[in-house]
Amino acid sequence: VPLTSFTYARDIPIKTGGGWVDHTSNLNIDYGVTGGSSNGLVQASGANASPLVQMNLEKDTYKTHVFNTTMRISFVDMMRAQVTGRSLDKLLSDGVRLCYDKHMDANVYVGMSNYGSSGLVNNANVTASTVAYDSTNTYTDWAHKTPQEILNDINTAINAVWAAAGYDLRAMPNHIILPHEQFNYIATQPVSALSEKSILTYLQENNVAAKNNVDLVIAGVPWCKGAGTGSSDRMVVYVHHEDFIAVEELAPLSRVMTSPSPADQAYDSLYMANLSEVEFFYTQTIRYYDGI
(Lines give C-alpha, C1' and ligand atoms only; values in the text may rest on other atoms or scores of the structure.)
Protein backbone atom coordinates (compact mmCIF):
# COMPACT_ATOMS: atom_id res chain seq x y z
CA VAL A 1 0.00 0.00 0.00
CA PRO A 2 1.47 3.44 -0.89
CA LEU A 3 2.49 5.60 2.06
CA THR A 4 -0.15 8.29 1.95
CA SER A 5 -2.83 10.00 3.99
CA PHE A 6 -5.91 12.10 3.43
CA THR A 7 -7.94 14.08 5.94
CA TYR A 8 -10.36 16.13 3.83
CA ALA A 9 -13.44 14.39 5.25
CA ARG A 10 -12.42 15.55 8.74
CA ASP A 11 -11.81 19.18 7.84
CA ILE A 12 -14.75 20.22 5.65
CA PRO A 13 -18.49 19.45 5.39
CA ILE A 14 -19.24 17.34 2.31
CA LYS A 15 -22.57 17.67 0.54
CA THR A 16 -23.77 14.87 -1.73
CA GLY A 17 -26.05 15.05 -4.75
CA GLY A 18 -26.80 17.39 -7.63
CA GLY A 19 -25.73 15.35 -10.66
CA TRP A 20 -23.54 16.25 -13.61
CA VAL A 21 -23.94 20.02 -13.48
CA ASP A 22 -21.24 22.32 -14.84
CA HIS A 23 -21.34 24.74 -11.90
CA THR A 24 -23.00 25.22 -8.53
CA SER A 25 -24.44 28.40 -7.04
CA ASN A 26 -25.38 29.95 -3.74
CA LEU A 27 -28.04 32.60 -3.19
CA ASN A 28 -27.01 35.46 -0.92
CA ILE A 29 -29.73 37.50 0.79
CA ASP A 30 -29.04 40.84 2.51
CA TYR A 31 -31.86 42.30 4.60
CA GLY A 32 -32.47 45.92 5.50
CA VAL A 33 -35.20 47.95 7.16
CA THR A 34 -36.08 51.60 6.83
CA GLY A 35 -34.43 53.62 9.60
CA GLY A 36 -32.48 50.67 10.98
CA SER A 37 -33.45 47.85 13.31
CA SER A 38 -33.25 49.77 16.60
CA ASN A 39 -34.75 53.30 16.81
CA GLY A 40 -36.22 53.02 13.31
CA LEU A 41 -38.73 50.41 14.42
CA VAL A 42 -40.24 52.40 17.29
CA GLN A 43 -43.83 53.41 16.42
CA ALA A 44 -44.84 56.87 17.55
CA SER A 45 -48.40 57.66 18.60
CA GLY A 46 -50.43 58.77 15.60
CA ALA A 47 -47.85 57.69 13.04
CA ASN A 48 -49.25 56.54 9.71
CA ALA A 49 -46.14 55.00 8.09
CA SER A 50 -44.51 51.65 8.69
CA PRO A 51 -40.83 50.85 8.07
CA LEU A 52 -40.33 48.45 5.17
CA VAL A 53 -38.20 45.33 5.30
CA GLN A 54 -36.27 44.91 2.06
CA MET A 55 -33.88 42.33 0.68
CA ASN A 56 -31.09 42.27 -1.86
CA LEU A 57 -30.45 39.03 -3.74
CA GLU A 58 -27.09 38.06 -5.22
CA LYS A 59 -25.79 34.74 -6.53
CA ASP A 60 -22.31 33.25 -6.12
CA THR A 61 -21.22 30.58 -8.59
CA TYR A 62 -18.62 27.86 -8.01
CA LYS A 63 -16.66 25.73 -10.44
CA THR A 64 -17.12 21.99 -10.81
CA HIS A 65 -14.93 19.41 -12.48
CA VAL A 66 -15.15 15.76 -13.50
CA PHE A 67 -12.88 13.17 -11.91
CA ASN A 68 -12.13 10.46 -14.46
CA THR A 69 -9.94 7.34 -14.41
CA THR A 70 -9.99 3.89 -16.01
CA MET A 71 -9.23 0.54 -14.41
CA ARG A 72 -7.90 -2.15 -16.77
CA ILE A 73 -7.74 -5.86 -15.95
CA SER A 74 -5.87 -8.16 -18.33
CA PHE A 75 -7.86 -11.26 -19.30
CA VAL A 76 -4.86 -13.54 -18.68
CA ASP A 77 -4.15 -11.95 -15.29
CA MET A 78 -7.81 -12.32 -14.38
CA MET A 79 -7.69 -16.06 -15.17
CA ARG A 80 -4.48 -16.50 -13.17
CA ALA A 81 -5.96 -14.64 -10.22
CA GLN A 82 -8.78 -17.19 -10.07
CA VAL A 83 -6.14 -19.85 -9.37
CA THR A 84 -4.53 -17.87 -6.54
CA GLY A 85 -7.84 -16.72 -5.08
CA ARG A 86 -6.95 -13.03 -5.31
CA SER A 87 -9.40 -10.48 -6.68
CA LEU A 88 -7.71 -8.14 -9.14
CA ASP A 89 -10.94 -6.18 -9.31
CA LYS A 90 -10.81 -5.54 -5.56
CA LEU A 91 -7.11 -4.63 -5.63
CA LEU A 92 -7.48 -2.19 -8.50
CA SER A 93 -10.74 -0.75 -7.15
CA ASP A 94 -8.86 0.09 -3.95
CA GLY A 95 -6.29 1.87 -6.11
CA VAL A 96 -9.00 3.90 -7.81
CA ARG A 97 -10.40 4.89 -4.43
CA LEU A 98 -6.94 5.89 -3.24
CA CYS A 99 -6.47 8.09 -6.32
CA TYR A 100 -9.86 9.66 -5.68
CA ASP A 101 -9.14 10.38 -2.01
CA LYS A 102 -5.77 11.96 -2.86
CA HIS A 103 -7.48 14.05 -5.54
CA MET A 104 -10.14 15.19 -3.08
CA ASP A 105 -7.47 16.04 -0.52
CA ALA A 106 -5.79 18.38 -3.02
CA ASN A 107 -9.15 19.76 -4.15
CA VAL A 108 -10.21 20.59 -0.59
CA TYR A 109 -6.96 22.08 0.72
CA VAL A 110 -5.42 23.87 -2.28
CA GLY A 111 -7.77 23.42 -5.24
CA MET A 112 -6.87 22.64 -8.84
CA SER A 113 -4.32 25.26 -9.93
CA ASN A 114 -4.71 24.47 -13.65
CA TYR A 115 -8.39 25.35 -13.43
CA GLY A 116 -8.14 28.41 -11.21
CA SER A 117 -9.77 26.96 -8.10
CA SER A 118 -8.50 27.28 -4.54
CA GLY A 119 -9.01 25.47 -1.27
CA LEU A 120 -9.07 25.81 2.48
CA VAL A 121 -5.51 27.10 2.84
CA ASN A 122 -5.04 29.40 -0.16
CA ASN A 123 -8.18 31.36 -1.03
CA ALA A 124 -7.22 34.89 -2.12
CA ASN A 125 -10.40 36.40 -0.63
CA VAL A 126 -9.60 35.25 2.91
CA THR A 127 -7.90 37.75 5.22
CA ALA A 128 -4.32 36.72 6.03
CA SER A 129 -2.26 38.08 8.95
CA THR A 130 1.02 37.31 10.66
CA VAL A 131 0.90 36.13 14.27
CA ALA A 132 2.37 38.39 16.94
CA TYR A 133 6.04 38.39 17.91
CA ASP A 134 7.19 36.76 21.13
CA SER A 135 8.10 38.72 24.25
CA THR A 136 11.57 39.48 22.86
CA ASN A 137 10.03 40.95 19.70
CA THR A 138 12.24 38.60 17.69
CA TYR A 139 10.30 35.45 16.75
CA THR A 140 6.78 34.65 15.58
CA ASP A 141 7.13 30.85 15.38
CA TRP A 142 5.68 28.68 18.13
CA ALA A 143 8.94 26.85 18.86
CA HIS A 144 10.24 30.10 20.37
CA LYS A 145 7.03 31.05 22.19
CA THR A 146 5.69 30.26 25.62
CA PRO A 147 2.42 28.30 26.00
CA GLN A 148 0.69 31.57 26.99
CA GLU A 149 1.94 33.30 23.83
CA ILE A 150 0.70 30.40 21.69
CA LEU A 151 -2.67 30.60 23.45
CA ASN A 152 -2.73 34.33 22.70
CA ASP A 153 -2.24 33.56 18.99
CA ILE A 154 -5.13 31.07 19.08
CA ASN A 155 -7.46 33.42 20.94
CA THR A 156 -6.55 36.41 18.77
CA ALA A 157 -7.48 34.38 15.70
CA ILE A 158 -10.75 33.09 17.17
CA ASN A 159 -11.80 36.56 18.34
CA ALA A 160 -10.97 38.14 14.97
CA VAL A 161 -13.13 35.64 13.06
CA TRP A 162 -15.98 35.88 15.54
CA ALA A 163 -15.92 39.69 15.49
CA ALA A 164 -15.93 39.74 11.67
CA ALA A 165 -19.08 37.57 11.80
CA GLY A 166 -20.86 40.04 14.08
CA TYR A 167 -20.44 37.76 17.13
CA ASP A 168 -23.02 35.35 15.74
CA LEU A 169 -22.85 32.39 18.13
CA ARG A 170 -23.09 29.98 15.18
CA ALA A 171 -19.97 31.63 13.72
CA MET A 172 -17.67 30.93 16.65
CA PRO A 173 -14.61 29.20 15.08
CA ASN A 174 -14.53 25.50 15.90
CA HIS A 175 -11.72 24.22 13.68
CA ILE A 176 -8.01 24.98 13.34
CA ILE A 177 -5.59 23.28 10.95
CA LEU A 178 -1.83 23.80 10.98
CA PRO A 179 1.32 21.98 9.79
CA HIS A 180 2.15 18.62 11.34
CA GLU A 181 5.38 19.97 12.81
CA GLN A 182 3.61 22.62 14.90
CA PHE A 183 0.82 20.23 15.85
CA ASN A 184 3.28 17.55 17.00
CA TYR A 185 5.22 20.17 18.97
CA ILE A 186 2.23 21.39 20.97
CA ALA A 187 0.92 17.82 21.36
CA THR A 188 4.13 16.52 22.94
CA GLN A 189 5.66 19.56 24.64
CA PRO A 190 4.68 19.92 28.33
CA VAL A 191 3.35 23.26 29.52
CA SER A 192 6.24 23.43 31.99
CA ALA A 193 8.99 21.22 33.36
CA LEU A 194 6.78 20.43 36.36
CA SER A 195 3.61 19.67 34.41
CA GLU A 196 2.41 16.49 32.69
CA LYS A 197 -0.13 18.50 30.69
CA SER A 198 0.80 19.15 27.05
CA ILE A 199 0.54 22.56 25.41
CA LEU A 200 -2.25 21.14 23.22
CA THR A 201 -4.32 20.17 26.26
CA TYR A 202 -3.68 23.60 27.75
CA LEU A 203 -4.86 25.26 24.52
CA GLN A 204 -7.99 23.12 24.26
CA GLU A 205 -8.97 23.88 27.85
CA ASN A 206 -8.36 27.63 27.81
CA ASN A 207 -9.24 28.93 24.35
CA VAL A 208 -12.06 31.41 23.79
CA ALA A 209 -14.22 28.90 21.92
CA ALA A 210 -14.09 26.40 24.81
CA LYS A 211 -15.10 29.15 27.23
CA ASN A 212 -18.16 29.72 25.04
CA ASN A 213 -19.08 26.01 25.08
CA VAL A 214 -17.73 25.31 21.57
CA ASP A 215 -15.55 22.23 21.00
CA LEU A 216 -12.42 23.37 19.17
CA VAL A 217 -10.66 20.87 16.89
CA ILE A 218 -6.94 21.46 16.39
CA ALA A 219 -5.42 19.18 13.74
CA GLY A 220 -2.33 18.83 11.59
CA VAL A 221 -2.21 18.69 7.78
CA PRO A 222 0.75 18.80 5.37
CA TRP A 223 -0.92 21.42 3.16
CA CYS A 224 -0.38 24.27 5.68
CA LYS A 225 3.40 23.85 5.51
CA GLY A 226 4.80 26.80 3.56
CA ALA A 227 1.32 27.95 2.49
CA GLY A 228 1.66 31.41 4.08
CA THR A 229 3.12 34.66 2.82
CA GLY A 230 6.77 34.24 1.88
CA SER A 231 6.39 30.44 2.18
CA SER A 232 5.84 30.75 5.93
CA ASP A 233 3.81 28.16 7.82
CA ARG A 234 0.10 28.90 8.00
CA MET A 235 -2.63 28.34 10.58
CA VAL A 236 -6.21 28.26 9.28
CA VAL A 237 -8.96 29.19 11.73
CA TYR A 238 -12.56 28.73 10.59
CA VAL A 239 -16.11 27.59 11.27
CA HIS A 240 -16.61 23.98 10.23
CA HIS A 241 -20.30 24.09 9.29
CA GLU A 242 -22.06 23.61 5.96
CA ASP A 243 -23.77 26.99 6.31
CA PHE A 244 -20.37 28.67 5.97
CA ILE A 245 -18.11 26.35 3.96
CA ALA A 246 -18.50 23.09 2.03
CA VAL A 247 -17.41 20.93 -0.88
CA GLU A 248 -19.90 18.99 -2.99
CA GLU A 249 -19.76 15.46 -4.34
CA LEU A 250 -22.39 16.23 -6.94
CA ALA A 251 -22.02 12.78 -8.46
CA PRO A 252 -20.11 10.53 -6.03
CA LEU A 253 -17.37 8.26 -7.32
CA SER A 254 -18.87 5.29 -9.14
CA ARG A 255 -18.11 2.71 -11.83
CA VAL A 256 -20.13 4.08 -14.71
CA MET A 257 -19.37 1.42 -17.35
CA THR A 258 -17.31 -1.69 -18.09
CA SER A 259 -16.49 -3.09 -21.52
CA PRO A 260 -14.17 -5.70 -23.04
CA SER A 261 -11.27 -4.49 -25.16
CA PRO A 262 -10.22 -7.39 -27.45
CA ALA A 263 -7.35 -5.35 -28.93
CA ASP A 264 -5.86 -4.97 -25.44
CA GLN A 265 -6.97 -8.42 -24.23
CA ALA A 266 -8.51 -6.78 -21.19
CA TYR A 267 -11.63 -5.44 -19.53
CA ASP A 268 -11.78 -1.66 -18.99
CA SER A 269 -13.90 -0.08 -16.26
CA LEU A 270 -14.52 3.67 -16.24
CA TYR A 271 -14.81 5.48 -12.88
CA MET A 272 -16.12 9.03 -12.71
CA ALA A 273 -17.32 11.64 -10.22
CA ASN A 274 -18.49 15.25 -10.45
CA LEU A 275 -17.00 17.53 -7.80
CA SER A 276 -17.21 21.18 -6.79
CA GLU A 277 -14.43 23.43 -5.69
CA VAL A 278 -14.46 24.52 -2.04
CA GLU A 279 -17.47 26.78 -1.57
CA PHE A 280 -16.87 29.74 0.73
CA PHE A 281 -20.29 31.14 1.63
CA TYR A 282 -18.96 33.68 4.15
CA THR A 283 -15.25 34.53 3.97
CA GLN A 284 -15.69 36.36 7.31
CA THR A 285 -15.82 32.96 9.02
CA ILE A 286 -12.28 31.93 8.08
CA ARG A 287 -8.85 33.59 8.52
CA TYR A 288 -5.22 32.75 7.89
CA TYR A 289 -2.41 33.36 10.37
CA ASP A 290 1.14 33.00 9.08
CA GLY A 291 4.52 32.65 10.72
CA ILE A 292 3.65 30.04 13.32
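No experiment lies behind these values; they were computed from the predicted model shown. Just so you know, residue 1 is the first one in the sequence shown, and it goes up from there.
For the pair Y109/I12, no side-chain contact is recorded, criterion being any heavy-atom separation below 4.5 Å from C-beta on. L92 is listed as a side-chain neighbour of I73, based on a closest heavy-atom distance under 4.5 Å. Looking only at side-chain heavy atoms (C-beta outward), F280 and V126 come within less than 4.5 Å of each other.
No hydrogens or angles considered: nothing links the side chains of Y288 and N123 as a donor-acceptor pair under 3.5 Å. H241 and H175 share no side-chain donor-acceptor pair at under 3.5 Å. Side chains of D268 and S259: no donor on one and acceptor on the other come within 3.5 Å. Side-chain atoms of E249 and Y100 include a donor-acceptor pair closer than 3.5 Å. A donor and an acceptor atom, one from each side chain of T201 and S198, are located under 3.5 Å apart. Under 3.5 Å, the side chains of D105 and W223 contain a donor-acceptor pair of N or O atoms. Between the side chains of T283 and N125, no donor N or O sits under 3.5 Å from an acceptor N or O. Side chains of E277 and N107: no donor on one and acceptor on the other come within 3.5 Å. With 3.5 Å as the limit, one finds no donor-acceptor pair spanning the side chains of Y62 and E248.
Looking at K225, its side chain never comes within 3.5 Å of a backbone N or O of H180 through a donor-acceptor pair. Judged by distance alone, with hydrogens and angles left aside, the side-chain atoms of T7 form no donor-acceptor pair with the main-chain N or O of V221 at under 3.5 Å. A distance-only check finds a donor-acceptor pair linking the side chain of N274 to the backbone of G19 [under 3.5 Å]. Within the 3.5 Å criterion, the main-chain N or O of Y267 finds no donor-acceptor partner in the side chain of S261.
Atom CD1 of I186 is separated from atom CG of L178 by 5.5 Å, given to the nearest 0.5 angstrom.
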Go through it in stages, so that I can follow the logic: the residues are N174 and Y238, the test is side-chain hydrogen bond (donor to acceptor under 3.5 Å, both in side chains), and I'd like the CA-CA distance, side-chain angles, deciding distance and then a yes or no. CA-CA 7 Å; N174 58 7; Y238 61 104; over 6 Å; no
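Closest approach of S195 to P190, counting heavy atoms only: O-CB, 3.5 Å.
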